[in-house]
> 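To start, I am sharing the structure in question, which I have written as structure tokens.
Quick note: numbers below take in every heavy atom, side chains included, and nothing from hydrogens, waters or symmetry partners. Remember, it's 1-based here, ligands and their atoms both numbered in the order they're listed.
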Amino acid sequence: MKNLRGRRFNMISYLPNLNPPDGGDYDAAIIGCGVSGANIARRLSAYQIRTVVLEKAADVSFGTSKSNSGIVHGGFHHNKKYLKARLEIQGSLMFDQLHRELDFPFKRCGIIVAALHEDEMKAVEQLYFQGVENGVIGIEICSRERILELEPKLNYDVVGGLYAPGGGMIEPYRFVFALVESAMKNGVHLFTNFKVEAAGRDEGAGLWTVQSADGRKIRSRYVINSSGLFADEVSRIFGGEEFSIKARKGEYYLMDKQTRARPGRVVFPVPTALSKGMLVIPTVEGTVLVGPTADNTENKYDYGTTTNRLEQILDSGKNMIPSLSRNDVITSFAGLRPFLEEDFYIEASKKAPAFVQVAGIQSPGLTASPAIGEYVKDLLKGIGLELTEKSAWDPYVEVRPRTREISPFQLDELIAQDPAWGNMVCRCEKVSEAEIVQAIRQGHYTLDGIKYFTRSQMGRCQGGFCTYKIIKIIMRETGLSWDEVSKHGDASRLLEAEL
Ligand SMILES: Cc1cc2nc3c(=O)[nH]c(=O)nc-3n(C[C@H](O)[C@H](O)[C@H](O)COP(=O)(O)OP(=O)(O)OC[C@H]3O[C@@H](n4cnc5c(N)ncnc54)[C@H](O)[C@@H]3O)c2cc1C
């Protein structure tokens with residue numbers, strides 16, 4: 001079997017700064033490129049330091065950051081004695097500016113909590129007072145009439161609830177891709193397929209040597225551990241604090257865009273002690289998510305869904321939005337929360353020098369992530385990293401046309417420049433060949449990477465009609481052969497015979 005690792009770097013070596021020579025010294029090395037690592041990288045890209053991101057997967061956002069509810073939370077679920085609550089509130093407020101700069105799908109559609117029994121209104125009141133205490137703008141307690149006015153698809157038995165207008169939805173992987181694109185545009189280096197497996201420290205030089213499973217090495221003055229479910233292992237590699245990250249699984253049903261049950265706002269039940277409950281979520285892309293469950297699992301690779309739990313999800317969803325129908329289900333999936341304790345653990349290590357822990361980033365990690373970037377930047381400054389702003393920092397990424405979002409006249413103009421815009425590869429989500437090629441040229445060369453960048457394979461047919469076309473485009477654009485094309489990296493090759 002040929003070595004895809006080498007191939008990947010050659011394949012997109014025309015991207016700026018992707019392939020610095022091994023052994024170059026960095027000021028900051030970020031381990032793990034989910035939404036935490038990506039926000040930290042982008043924040044550090046504003047300073048005159050050399051930053052590198054090391055990610056074990058074939059692409060960024062392939063960990064917890066790819067499979068979650070995509071909600072920008074409302075700031076009322078947690079008490080502000082917790083760091084996660086404070087970062088959630090600050091992070092949520094940062095999304096409007098990030099949206100303008102980074103062109104990822106985002107909508108403040110508002111969040112409601114629906115109480116279906118009188119005795120749940122006490123908990124609703126508590127959430128309201130917590131929200132007020134946390135400074136949530138516009139939060140209101142709703143009567144039955146008001147909550148039905150806000151969301152007419154709710155169960156008519158609803159007795160009242162809560163409304164937080166600032167809550168919203170994002171496309172989580174597009175958010176991470178845009179952050180990484182912005183960070184790289186501003187000089188950050190990224191190594192994917194770089195599983196950190198060993199580390200050593202030269203105390204005299206004040207440098208960490210960080211080594212990948214396949215023997216590549218980089219050196220860096222500071223290291224940030226934002227490796228999600230595996231932050232405990234990475235901490236051990238660096239001689240940092242001993243802790244144990246547990247995986248808590250969340251299963252979902254995904255409903256087709258055609259469903260008539262799509263609410264206008266995110267609908268929460270009244271939360272339990274263990275989780276925020278199973279929700280009905282109108283995704284920013286037009287589909288509907290129902291879920292997630294919250295079940296501890298011993299296996300950090302256990303992404304399977306189960307009939308029992310999916311049945312409960314549907315029942316629970318229908319309890320809030322009765323028009324939800326099994327006929328609209330197009331797929332199911334699961335995500336794993338990296339659970340440590342009640343709170344995030346973001347601190348400079350007391351055991352390993354120049355090593356910052358960003359661990360236990362469970363929900364609301366996505367919402368909090370822009371504030372995590374800011375917080376970690378300040379922590380690094382506090383332990384001696386000198387940060388001088390770049391005068392030429394550019395916060396914007398390229399805004400790319402999407403076939404499904406533009407007018408037929410605009411599409412005609414694009415086809416005149418490049419006929420690949422006229423070749424519709426994914427009909428469900430209206431994705432052209434030109435967009436698939438763009439994704440590959442941005443470094444997304446697996447089927448999942450292309451899926452998250454373009455939304456191809458995400459519609460009603462779930463890739464049934466377009467997957468083989470995309471495989472052929474990957475082969476043509478990258479030079480990979482049929483047996484090297486994968487779903488999400490090395491272990492997930494697809495084909496047993498040539499197309
Ligand atoms: C079911 C579910 C629903 C959720 N819903 C929401 C929501 O609606 N709103 C919200 O705010 N939050 C939500 N969250 C939480 C949110 O998704 C997480 O907090 C966030 O994605 C964590 O990001 P991260 O970057 O810390 O971790 P990850 O995204 O897991 O990133 C860690 C990265 O580290 C890499 N890595 C691991 N080990 C190594 C190594 N040795 N070397 C190199 N790289 C390594 C991994 O491959 C991975 O890419 C939800 C989570 C789940 C599971």
> What protein heavy atom lies closest to atom 28 (P) of ligand 1? Include the residue and the distance to one decimal.
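Answer for atom 28 (P) of ligand 1: Thr64 N, 3.7 Å.
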
> Below a 4.0 angstrom heavy-atom separation, can you tell me which part of Gln362, side chain or backbone, both or neither, approaches ligand 1?
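The answer is the backbone of Gln362.
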
> Does the pair Thr283 and Thr287 meet the rule for a side chain to side chain donor-acceptor pair (under 3.5 Å), with working shown?
CA-CA 5 Å; Thr283 71; Thr287 52; 2.7 Å; yes

> Sequence neighbours left out, what pairs pass salt bridge (charged side-chain N to carboxylate O under 4.0 Å, His left out) with at least one residue falling in residues 355-370?
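Sorted result for residues 355-370: empty, none.
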
> With under 30° as parallel and over 60° as perpendicular, where do the rings of Phe106 and Phe104 fit, or are they tilted in between?
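Tilted, since the angle between the ring planes falls between 30° and 60°.
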
> Here's a test for you: under side-chain hydrogen bond (donor to acceptor under 3.5 Å, both in side chains), which of Lys351, Glu241, Glu347 qualifies with Gln357?
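Testing each of Lys351, Glu241, Glu347 against Gln357, the sole residue satisfying side-chain hydrogen bond (donor to acceptor under 3.5 Å, both in side chains) is Glu241.
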
> Please list the nearest protein heavy atom to atom 24 (P) of ligand 1 with its residue and the distance rounded to 0.1 Å.
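Scanning the protein heavy atoms, the shortest distance from atom 24 (P) of ligand 1 goes to Ser36 OG, 3.4 Å.
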
> Ignoring angles and geometry beyond distance, decide whether Phe230 reaches within less than 3.5 Å of ligand 1 through its nitrogen or oxygen atoms.
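Among all N and O atoms of Phe230, none is under 3.5 Å from an N or O of ligand 1.
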
> Under the criterion side chain to side chain donor-acceptor pair (under 3.5 Å), I'd like the reasoning laid out for Ser69 against Tyr252: C-alpha separation, chi angles, the key distance, then a yes or no.
CA-CA 9 Å; Ser69 306; Tyr252 294 93; 2.6 Å; yes

> In ligand 1, which numbered atoms sit nearer than 4.0 Å to a non-hydrogen atom of Thr367?
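In order of numbering, the contacting atoms are 9 (N), 10 (C), 11 (O).
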
> Phe62 vs His488 aromatic rings, parallel, tilted or perpendicular, using cut-offs 30° and 60°?
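Correct class here is perpendicular.
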
> Could you name the option among Glu251, His73, Arg248 that has the heavy atom nearest to atom 7 (C) of ligand 1?
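It is His73 that holds the nearest heavy atom.
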
> Number the atoms of ligand 1 from 1 as they appear, then name those within less than 4.0 Å of a heavy atom of Gly335, with their elements.
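Ligand 1 atoms under the 4.0 Å threshold to Gly335: 53 (C).
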
> I'd like to check whether Pro292 has a polar contact with ligand 1, where a contact means an N/O of the residue lying under 3.5 Å from an N/O of the ligand.
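No, no N or O pair falls under 3.5 Å.
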
> Note the single closest protein heavy atom to atom 44 (N) of ligand 1, along with its residue, its atom name and the distance in Å.
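Checking every protein heavy atom, the shortest distance to atom 44 (N) of ligand 1 gives Lys56 N, 3.1 Å.
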
> How far is atom 40 (C) of ligand 1 from its nearest protein heavy atom, and which residue and atom is that?
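Going by distance alone, atom 40 (C) of ligand 1 is nearest to Val196 N, 3.7 Å.
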
> Near Cys33, which atoms of ligand 1 are under 4.0 Å from a heavy atom of that residue?
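So the atoms of ligand 1 that pass are 33 (C).
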
> Find all atoms of ligand 1 within a distance of less than 4.0 Å from any non-hydrogen atom belonging to Gly228, and give their numbers and elements.
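This gives 27 (O), 30 (O), 32 (C) as the contact atoms.
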
> For a quick test of reading the model, state the closest non-hydrogen atom pair linking Gly443 to Asp59 and the distance between them.
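Looking at all heavy atoms of both residues, the shortest contact is O-OD2, 4.3 Å.
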
> Report yes if Ile71 has an N/O atom closer than 3.5 Å to an N/O atom of ligand 1; otherwise report no.
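Checking ligand 1 against Ile71, an N or O pair does fall under 3.5 Å apart.
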
> Restricting to pairs with a member in residues 87-96, which pass side-chain hydrogen bond (donor to acceptor under 3.5 Å, both in side chains), not counting sequence neighbours?
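Listed by first then second residue: Ser92-Arg108, Asp96-Arg108.
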
> Please classify the Ile31 to ligand 1 contact at 4.0 Å (heavy-atom distances, strictly less than): side chain, backbone, both or neither.
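Only the side chain of Ile31 comes within reach of ligand 1.
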
> Considering only heavy atoms of Phe194, which atoms of ligand 1 have at least one such atom less than 4.0 Å away?
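In order of number, 42 (N), 43 (C).
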
> Distance-only, no hydrogens or angles: does the Lys80 side chain make a donor-acceptor pair with backbone N or O of Gly135 under 3.5 Å?
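Looks like no, no N/O pair under 3.5 Å.
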
> In plain terms, say whether Arg219 and Asp25 are close enough for a salt bridge, that is, a side-chain N and a carboxylate O under 4.0 Å apart.
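Result for this pair is yes, salt bridge flagged.
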
> To which protein heavy atom is atom 2 (C) of ligand 1 closest, and what is the distance rounded to 0.1 Å?
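Ranked first by proximity to atom 2 (C) of ligand 1 is Tyr252 OH, 3.5 Å.
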
> Should you measure from each heavy atom of Val234, which atoms of ligand 1 turn up under 4.0 Å away?
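What qualifies from ligand 1 is 41 (N).
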
> Out of Ser363, Gly489, Gly70, whose heavy atom is nearest to atom 14 (N) of ligand 1?
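Result: the heavy atom closest to atom 14 (N) of ligand 1 is in Ser363.
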
> Determine, step by step, whether Asn39 and Ser369 satisfy the side chain to side chain donor-acceptor pair (under 3.5 Å) criterion, reporting the C-alpha distance in whole Å, the side-chain angles of both residues, the deciding distance to 0.1 Å, and the verdict.
CA-CA 6 Å; Asn39 269 286; Ser369 62; 3.0 Å; yes

> To check your reading of the model: name the closest protein heavy atom to atom 37 (C) of ligand 1, its residue, and the distance in Å.
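Here the closest protein heavy atom is Ser227 O, 3.4 Å.
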
> Would you sort out whether Tyr222 and Phe238 count as a ring pair (Phe, Tyr, Trp, His ring centres under 6.0 Å), showing the intermediate values?
CA-CA 12 Å; Tyr222 291 81; Phe238 284 82; over 10 Å; no

> Hey, can you tell me if Tyr452 and Phe177 have their rings parallel, tilted or perpendicular (30° and 60° cut-offs)?
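If you compare the ring of Tyr452 with that of Phe177, the planes turn out tilted.
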
> Assess the side chains of Ser332 and Glu251: does a donor N or O sit below 3.5 Å from an acceptor N or O?
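No, no side-chain donor-acceptor pair sits under 3.5 Å.
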
> Starting from atom 35 (C) of ligand 1, which protein heavy atom do you reach first, and at what distance in Å?
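Here the nearest protein heavy atom works out to Glu55 OE1, 3.3 Å.
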
> Applying a 4.0 Å heavy-atom criterion (strictly less than), which segment of Ser226 is in contact with ligand 1: side chain, backbone, both, or neither?
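Only the backbone of Ser226 comes within reach of ligand 1.
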
> Please list, in number order, the atoms of ligand 1 under 4.0 Å from a heavy atom of Leu336.
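The atoms of ligand 1 under 4.0 Å from a heavy atom of Leu336 are 53 (C).
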
> Would you mind listing which atoms of ligand 1 come within a distance below 4.0 Å of any non-hydrogen atom of Pro364?
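Close to Pro364: 10 (C), 11 (O), 12 (N).
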
> Among protein heavy atoms, which lies nearest atom 5 (N) of ligand 1, and at what distance?
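The closest one turns out to be Ser69 N, 3.2 Å.
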
